J.: 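I'd like to ask you about the structure that follows.
The model shown is predicted, which means the values in this text are computed figures rather than measured ones. Per chain, numbering begins at 1; letters A, B, ... match sequence-line order.
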2 protein chains.
Amino acid sequence: MSTHPATLSVNEPFPPCHQEFQVSCHTCRLSRICLPLAVNSGDLARLESIIERSRPLQKGELLYREKTPFQSIYAVRSGALKGFCGTRDGKEQVTGFYLPGEVLGMDGISNGHHASSALALETSAICEIPFDSLQRLSASLPGLQRHLFQLMSREITEDQLLITLLGKNTAEERVATLLLSISRRNARRQLSASQFRLPMSRVDIGNYLGLTVETISRVFSRLQKNGVLRVDNKEIEILDPETLQRAANLAC
Amino acid sequence: MSTHPATLSVNEPFPPCHQEFQVSCHTCRLSRICLPLAVNSGDLARLESIIERSRPLQKGELLYREKTPFQSIYAVRSGALKGFCGTRDGKEQVTGFYLPGEVLGMDGISNGHHASSALALETSAICEIPFDSLQRLSASLPGLQRHLFQLMSREITEDQLLITLLGKNTAEERVATLLLSISRRNARRQLSASQFRLPMSRVDIGNYLGLTVETISRVFSRLQKNGVLRVDNKEIEILDPETLQRAANLAC
DNA sequence: CGCCGTCTTGATTCGCCTCAACCAGTGTGG
DNA sequence: CCACACTGGTTGAGGCGAATCAAGACGGCG
């Protein structure tokens with residue numbers, strides 16, 4: 001089934017509502033990097049009252065689908081997802097990867113339906129935040145409103161970074177940049193910045209970076225041969241961060 | 001100096017404050033596609049009271065510069081701007097073009113300083129909207145808050161479109177898509193969708209699309225030879241919209 | 001006029017894609 | 001239990017599209 005250590009045991013096809021799902025924002029390890037950042041403890045209860053936590057998504061399940069009505073934005077509690085949109089000619093473009101503590105779904109706000117789809121790359125626990133309620137709440141909580149603006153603005157700047165990456169950088173620079181991005185996001189969650197497991201396939205990486213699988217594979221091999229990385233399938237160890245940093249040559 | 005017909009005569013190096021600058025949102029042709037969209041007439045006065053209109057920007061002047069403190073977002077009243085950010089190796093990446101009725105500067109919200117620079121491609125009139133005031137105001141005007149969210153969300157979806165374009169499409173597809181985008185945005189402003197003047201140089205187009213000047217030039221020539229376009233320097237006429245549409249093959 | 005920036009066009013080069021083969025791990029059914 | 005298919009990853013050979021390099025055309029302007 002899933003190759004990763006399942007901390008949440010969901011073996012039934014249609015699991016009953018386990019109480020494990022009912023985690024609170026107060027106790028959530030990710031509360032500092034997720035939504036509640038700018039909200040004080042009193043207000044947190046109000047925010048929490050509108051958040052819904054359903055059963056975890058299994059690997060391969062869709063969180064939402066492109067062109068369907070937009071209702072909520074989502075915060076990743078555990079696992080990993082990819083965002084992608086279909087192109088006219090049947091292919092797809094991966095627009096982002098979402099790790100624990102990150103928020104997705106905000107591209108659906110503008111016109112009432114999702115502009116992209118989101119799919120679980122591994123078993124993932126998700127907080128659903130109905131946007132109507134969030135909007136109403138944020139009108140009375142200036143800190144929350146500000147945080148939402150910041151969250152969306154960050155998404156914009158990150159997209160611009162990716163645009164630069166795709167427009168200007170070589171295959172090696174793109175791969176290096178992605179690895180460093182994941183490394184940094186892991187560090188933010190108190191995980192190892194030098195050793196981690198990629199949640200996504202080579203295909204997804206290539207798709208995200210505008211490259212083919214073969215190119216991704218070749219770059220990994222080259223970086224390994226040069227002693228920059230140790231690659232064992234999805235298991236990555238960054239041996240020489242400085243060289244990787246230089247290889248990334250990142251912009252913005 | 002400027003190669004384009006200057007409709008606003010500002011010949012002095014430091015022009016005094018002309019009353020032409022004091023246009024109101026009520027009389028602005030662009031009010032439907034700019035900010036006030038979701039605001040009723042009574043509230044419009046409150047919004048307008050925080051908007052500042054300074055002297056027009058001359059071609060080549062910066063509206064704001066990357067890494068400087070973020071204060072305001074801006075709406076284009078006339079003219080055109082490009083947004084861009086510098087890459088580590090001294091080059092730059094154009095991240096967008098901004099035409100009348102469009103809003104820019106929102107990438108600075110997330111961390112208090114601009115993530116990109118903005119430069120006038122021709123003489124441009126700009127409305128400056130201090131973000132602090134806007135934020136306070138939007139807390140009491142739900143329609144305005146909603147509109148701001150939508151505006152930022154649209155920026156995200158448009159960035160994702162560009163990402164797809166850069167990741168998956170050929171030179172010809174990219175150029176065609178840009179032309180159609182400008183055409184559509186002109187139509188929104190009641191201008192001709194088939195005949196217009198590009199405000200930006202070939203260099204800027206190439207930079208934006210992740211291509212070189214030479215490639216842009218070649219694509220224009222090819223499209224002209226095939227009878228899809230008539231190109232006369234920056235003057236463009238779309239002769240065969242259907243073929244251009246097919247050439248664009250756009251995604252998302 | 002001659003200079004300069006922008007644009008165009010041609011010849012060559014190079015990075016990545018395409019196509020193809022192969023391998024390892026995993027699941028499946030006889 | 002093994003044969004088999006299948007998925008995901010790696011590696012190699014060759015081709016193509018866009019970059020690079022180089023030269024020239026055009027237009028504005030001192």
Side-chain angles (χ1 to χ4, degrees), chain A residues 1-4 59-60 82 87 89 91 93-94 119 121-122 165-176 178 197-226 229-236 247 249, chain B residues 1-6 11 59-60 82 87 89 91 93-94 119 121-122 165-178 197-226 229-236 247 249:
Chain A
M1 173 167 290
S2 170
T3 57
H4 102 129
K59 177 176 178 172
K82 70 168 175 181
T87 68
D89 45 351
K91 287 177 290 191
Q93 168 72 39
V94 173
L119 182 141
L121 295 171
E122 37 187 67
L165 198 66
L166 295 182
K168 296 268 176 302
N169 294 68
T170 65
E172 190 159 317
E173 290 166 338
R174 299 184 203 185
V175 172
L178 175 60
R197 184 174 190 286
L198 295 175
M200 71 293 279
S201 72
R202 301 282 194 271
V203 180
D204 287 332
I205 296 177
N207 195 323
Y208 177 68
L209 296 176
L211 301 166
T212 57
V213 209
E214 295 95 323
T215 301
I216 303 299
S217 184
R218 278 184 248 272
V219 171
F220 274 157
S221 299
R222 203 180 319 146
L223 288 174
Q224 170 148 262
K225 199 165 63 185
N226 298 349
L229 296 181
R230 202 181 51 69
V231 183
D232 175 18
N233 208 339
K234 299 195 163 163
E235 218 63 56
I236 301 284
N249 190 25
Chain B
M1 170 167 285
S2 170
T3 58
H4 103 127
N11 299 320
K59 177 177 177 172
K82 70 168 173 180
T87 67
D89 46 352
K91 287 178 291 190
Q93 168 72 37
V94 173
L119 182 140
L121 295 171
E122 36 186 70
L165 199 65
L166 295 182
K168 296 268 176 303
N169 294 67
T170 65
E172 191 160 315
E173 290 166 338
R174 299 185 203 186
V175 172
T177 303
L178 176 61
R197 185 175 189 285
L198 295 174
M200 70 294 279
S201 72
R202 301 282 195 272
V203 180
D204 288 332
I205 296 178
N207 195 323
Y208 176 68
L209 296 176
L211 302 166
T212 58
V213 208
E214 295 95 321
T215 302
I216 303 299
S217 185
R218 277 185 248 272
V219 171
F220 273 157
S221 300
R222 203 180 318 147
L223 288 174
Q224 171 148 261
K225 199 165 63 183
N226 298 348
L229 296 181
R230 203 182 48 70
V231 183
D232 176 19
N233 207 342
K234 298 194 163 164
E235 217 64 54
I236 301 284
N249 190 24

J.: In this structure, how many angstroms lie between the P atom of D:dG9 and the CG atom of A:Leu198, rounded?
T.: 10 Å

J.: From NZ of A:Lys225 over to C1' of D:dT11, roughly how many Å is that when rounded to an integer?
T.: 11 Å

J.: Taking only residues two or more places apart in sequence or in another chain, which ones pass side chain to side chain donor-acceptor pair (under 3.5 Å) with B:Thr215?
T.: B:Thr212

J.: Give me, pair by pair, the N or O atoms of the protein and of nucleotides 18-21 of chain D that are less than 3.5 Å apart, along with how far apart they are.
T.:
{"from": "D:dA18", "atom 1": "OP1", "to": "B:Ala171", "atom 2": "N", "distance (Å)": "2.8"}
{"from": "D:dA19", "atom 1": "OP1", "to": "B:Thr212", "atom 2": "N", "distance (Å)": "3.2"}
{"from": "D:dA19", "atom 1": "OP2", "to": "B:Thr212", "atom 2": "N", "distance (Å)": "3.3"}
{"from": "D:dA19", "atom 1": "OP2", "to": "B:Thr212", "atom 2": "OG1", "distance (Å)": "2.9"}
{"from": "D:dA19", "atom 1": "OP2", "to": "B:Thr215", "atom 2": "OG1", "distance (Å)": "2.2"}
{"from": "D:dT20", "atom 1": "O4", "to": "B:Arg218", "atom 2": "NH2", "distance (Å)": "3.0"}
{"from": "D:dC21", "atom 1": "N4", "to": "B:Glu214", "atom 2": "OE2", "distance (Å)": "3.0"}

J.: Establish, with yes or no, whether the OP1 or OP2 oxygen of C:dG5 is under 4.0 angstrom from a side-chain nitrogen or oxygen of B:Ser201.
T.: no

J.: What is the distance, to the nearest angstrom, from the CG atom on B:Asp204 to the C1' atom on C:dG5?
T.: 13 Å

J.: What residues form a salt bridge (Lys or Arg N to Asp or Glu O under 4.0 Å) with A:Lys234, not counting sequence neighbours?
T.: none

J.: To the nearest angstrom, how far is A:Asp232 atom CG from D:dG9 atom P?
T.: 12 Å

J.: Using whole Å, report how far CZ of A:Arg202 lies from C1' of D:dG8.
T.: 9 Å

J.: Give me the atom names and distance for the closest heavy-atom approach of B:Arg174 to B:Leu166.
T.: NH2-O, 3.4 Å

J.: Identify each donor-acceptor pair in which a side-chain atom of residues 202-210 of chain B lies under 3.5 Å from a protein atom, sequence neighbours left out, and give them as a table.
T.:
{"from": "B:Arg202", "atom 1": "NH1", "to": "B:Asn233", "atom 2": "O", "distance (Å)": "3.4"}
{"from": "B:Arg202", "atom 1": "NH2", "to": "B:Asn233", "atom 2": "O", "distance (Å)": "2.8"}
{"from": "B:Asp204", "atom 1": "OD1", "to": "B:Lys82", "atom 2": "NZ", "distance (Å)": "2.9"}
{"from": "B:Asp204", "atom 1": "OD2", "to": "B:Ser201", "atom 2": "OG", "distance (Å)": "3.4"}
{"from": "B:Asn207", "atom 1": "OD1", "to": "A:Lys168", "atom 2": "NZ", "distance (Å)": "2.9"}
{"from": "B:Asn207", "atom 1": "OD1", "to": "B:Val94", "atom 2": "N", "distance (Å)": "3.0"}
{"from": "B:Asn207", "atom 1": "ND2", "to": "B:Glu92", "atom 2": "O", "distance (Å)": "2.9"}

J.: Suppose we screen for side chain to side chain donor-acceptor pair (under 3.5 Å). Which residues come up paired with A:Glu172, at least two apart in sequence or across chains?
T.: A:Arg222

J.: Atom NZ of A:Lys91 to atom P of C:dT18: distance rounded to whole Å?
T.: 7 Å

J.: Rounded to whole angstrom units, what separation is found between the CG atom of B:Leu166 and the P atom of C:dC16?
T.: 15 Å

J.: Please report, rounded to the nearest Å, how far the P atom of C:dT8 is from the CG atom of B:Leu229.
T.: 12 Å

J.: Mind checking what makes side chain to side chain donor-acceptor pair (under 3.5 Å) contact with A:Ser221, not counting sequence neighbours?
T.: none

